[in-house]
Amino acid sequence: MTTVARTIADLRWLVAERAATRVGFVPTMGALHEGHLSLMRRAHRKCDLVVVSLFVNPTQFNDRADFEAYPHDFDRDLAFARDAGVHLLFAPDTAEMYPATLTTTVDVGAPAAPLEGVARGAVHFRGVATVVAKLLNIVQPHVAYFGQKDAQQALVIRAMVRDLDFPVTIEICPTVRESDGMALSSRNVRLSSAARTQATALSRALFGIERAVARGERRTAPLLASGRDVLRAAGITSSAIDYLAAVDATTLAPVDEVVGETLVAVAATVGGVRLIDNVLVRP
Ligand code: AMP
C-alpha cells in the first residue's frame with residue numbers, strides 16, 4: 001500500500017505517524033524505470049519506511065524545452081512505486097515546493113563547477129542542491145539513495161550534506177543498464193529508434209575505455225581519443241558532445257593518467273535528447 005502526500009504538512013505527518021526506526025528516501029523526477037526501482041528496492045531492504053519523491057524540479061533545468069518535454073505519468077509511477085513496496089509517495093506541485101516567498105538557494109561550489117556545471121551552467125546544480133536540501137529537510141530520512149548514473153550529482157549532494165551537517169547517510173547505487181549497455185534514463189523514451197541505436201555509442205565508448213585500462217593503458221589522452229572515435233563512428237559529431245572526460249573520482253579534476261579511481265564521464269545530445277553516462281575505472 002502506497003500513500004500519496006501532496007503537501008509538506010501531510011508528508012511530515014505521515015512520516016511521524018509511522019514512527020519508523022530507519023527512514024529511507026529516494027528522490028526522483030518520476031517517469032520511473034528499473035534504475036529508480038533498484039534504489040527503492042535497496043531502501044526497502046535496509047529501512048522500515050521507504051519514502052519516494054516525485055517532483056520534476058523546474059529550477060534545475062537550464063533548458064526550458066527539456067523541462068517541457070520531460071515525461072510525466074503519475075498513475076504508472078504510482079503503480080511502479082507500489083510494486084517496489086514504497087510506503088509514502090511525496091508528489092508536491094511547484095507552488096508547494098517553491099512558494100513566491102522563497103529566496104534561499106544552495107551553491108555547493110567546487111564539485112558543481114566542472115562537467116555538467118560547464119555544460120548546463122551554475123543554475124543546474126544550484127537547482128538540484130536546493131531542491132534536495134528542501135526534500136531532505138521535509139522527509140528527514142536516515143538514508144537517502146542516489147544513482148551512480150548521475151555521478152557528479154551524487155558528489156554534489158555528498159558535499160552539501162557534509163558541509164551543511166545534514167544528519168543523513170548518502171548511499172550511491174550502481175547504474176542500471178539495458179542489455180545492450182545503455183544506461184536507463186527517463187529521457188530514453190524520447191529517443192527515436194534510430195537515435196536509440198546511435199545512443200548505444202555512449203556506453204560502448206565508456207566500456208571500450210574501461211577495457212583499454214584493464215589491458216594496461218593509463219594515459220587518458222589516447223583513452224579519450226578512442227572513446228571519441230566510437231562516438232564519431234556512430235555519427236555523434238563533436239558539436240553534439242558536451243564532454244568526454246577522465247577526472248579524479250573525488251575531486252573531479254582532470255587527470256592525465258589513471259593512477260587512482262577515475263571517473264570517465266560523457267554527455268552528448270543524440271536525436272535531440274541530452275544523455276549522460278559514466279564508468280569508474282582504476283589501475
Ligand atoms: P531522476 O529521476 O533522473 O532525477 O533520478 C532519480 C535518481 O535515480 C537519481 O539518484 C539518479 O541518479 C537515479 N538513477 C537514474 N537513472 C539510473 C540508472 N540507470 N541506474 C541507477 N540509478 C539511476
Side-chain angles (χ1 to χ4, degrees), residues 24-45 50-63 66-67 69-74 76-78 80-81 84 86 89-92 97 108 111-112 115-116 120 124-136 139 141 143-161 168-191 196 199-200 202-203 206-207 249 263 265-267 273-280:
F25 175 47
V26 182
T28 83
M29 298 207 296
L32 299 180
H33 52 64
E34 272 299 318
H36 299 115
L37 292 189
S38 70
L39 308 188
M40 294 177 202
R41 291 196 199 100
R42 177 106 146 221
H44 204 265
R45 280 198 298 276
V50 179
V51 183
V52 169
S53 64
L54 212 80
F55 180 62
V56 185
N57 176 35
T59 65
Q60 74 186 65
F61 284 83
N62 53 308
D63 174 1
D66 185 32
F67 173 63
Y70 205 84
H72 294 259
D73 189 341
F74 179 77
R76 181 179 166 280
D77 286 346
L78 178 58
F80 263 65
V86 171
L89 189 62
F90 179 46
M97 290 299 281
V108 170
L115 306 174
E116 292 293 283
R120 303 185 67 175
H124 171 61
F125 282 125
R126 182 180 302 135
V128 169
T130 305
V131 81
V132 173
K134 284 171 69 70
L135 289 167
L136 290 175
V139 178
V143 193
Y145 296 85
F146 292 85
Q148 176 63 25
K149 158 80 175 13
D150 298 275
Q152 189 179 8
Q153 168 174 280
L155 287 178
V156 164
I157 300 303
R158 276 229 156 109
M160 176 186 81
V161 160
V168 64
T169 301
I170 301 299
E171 275 207 24
I172 316 296
C173 306
T175 301
V176 178
R177 299 178 177 281
E178 302 279 7
S179 53
D180 63 4
M182 172 101 169
L184 294 188
S185 161
S186 302
R187 289 186 177 84
N188 292 357
V189 298
R190 287 168 47 203
L191 293 165
R196 172 67 186 74
T200 60
L202 270 66
S203 56
L206 296 174
F207 295 153
L263 179 75
V266 62
V273 183
R274 187 173 186 277
L275 301 170
I276 61 170
D277 198 356
N278 68 82
V279 288
L280 280 171

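Order of listing sets the numbers, starting from 1, for every ligand and every atom in it. All values reported here derive from a predicted model rather than from experimental measurement. Along the sequence shown, residues are numbered consecutively beginning with 1.
Closest protein heavy atom to atom 20 (N) of ligand 1: V176 N, 2.8 Å. Counting only heavy atoms of the protein, atom 7 (C) of ligand 1 lies nearest to P27 O, 3.7 Å. For atom 10 (O) of ligand 1, the closest non-hydrogen atom of the protein is G147 N, 2.9 Å. In terms of protein heavy atoms, atom 4 (O) of ligand 1 is closest to M29 CG, 3.6 Å. Of the protein's non-hydrogen atoms, K149 CB, 4.0 Å is the one closest to atom 23 (C) of ligand 1. The single protein non-hydrogen atom nearest to atom 11 (C) of ligand 1 is D150 OD2, 3.1 Å, given as residue, atom name and distance. Shortest contact from atom 5 (O) of ligand 1 to any protein heavy atom: H36 NE2, 3.4 Å.
When all heavy atoms are compared, the tightest approach of A267 to I276 is CB-CG2, 3.7 Å. For the pair N57 and V128, the tightest heavy-atom approach, listed with the atom from each and the gap, is ND2-N, 4.2 Å.
For the pair Q60 and R126, the minimum side-chain heavy-atom distance is 4.5 Å or more. Contact check for T59 versus T130: no side-chain heavy atoms found under the 4.5 Å cut-off.
Because its NZ or CZ atom is both nearer than 6.0 Å to the ring centre of F80 and within 45° of the ring axis, R76 counts as a cation-pi partner of that residue.
Which parts of ligand 1 touch T28 is read off a 4.0 Å heavy-atom cut-off, strictly below it: atoms 2 (O), 6 (C). Taking every non-hydrogen atom of F146 and a distance limit under 4.0 Å, the qualifying atoms of ligand 1 come out as 10 (O). Taking a cut-off of under 4.0 Å to the non-hydrogen atoms of L184, the atoms of ligand 1 that pass are 16 (N), 17 (C), 18 (C), 19 (N).
The side chain of H33, and not its backbone, has at least one atom closer than 4.0 Å to an atom of ligand 1 (non-hydrogen atoms only; side chain from C-beta on). Within the 4.0 Å heavy-atom criterion, neither part of V26 lies near ligand 1.
The option from P174, C173, A183 that lies nearest to atom 21 (C) of ligand 1, judged by heavy atoms, is P174.
Between Y70 and F61, the distance separating the two ring centers is shorter than 6.0 angstrom.
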(message) Would K134 and M97 count as a side-chain contact (heavy atoms from CB on, under 4.5 Å) here? Give the steps.
(response) CA-CA 8 Å; K134 284 171 69 70; M97 290 299 281; 4.1 Å; yes

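A salt bridge does not link R274 to D63: none of the charged side-chain nitrogens sits closer than 4.0 Å to a carboxylate oxygen. Using a 4.0 Å cut-off between charged nitrogen and carboxylate oxygen, R158 and E171 do not count as a salt-bridge pair.
For E34, the heavy-atom gap to ligand 1 stays at 4.0 angstrom or more.
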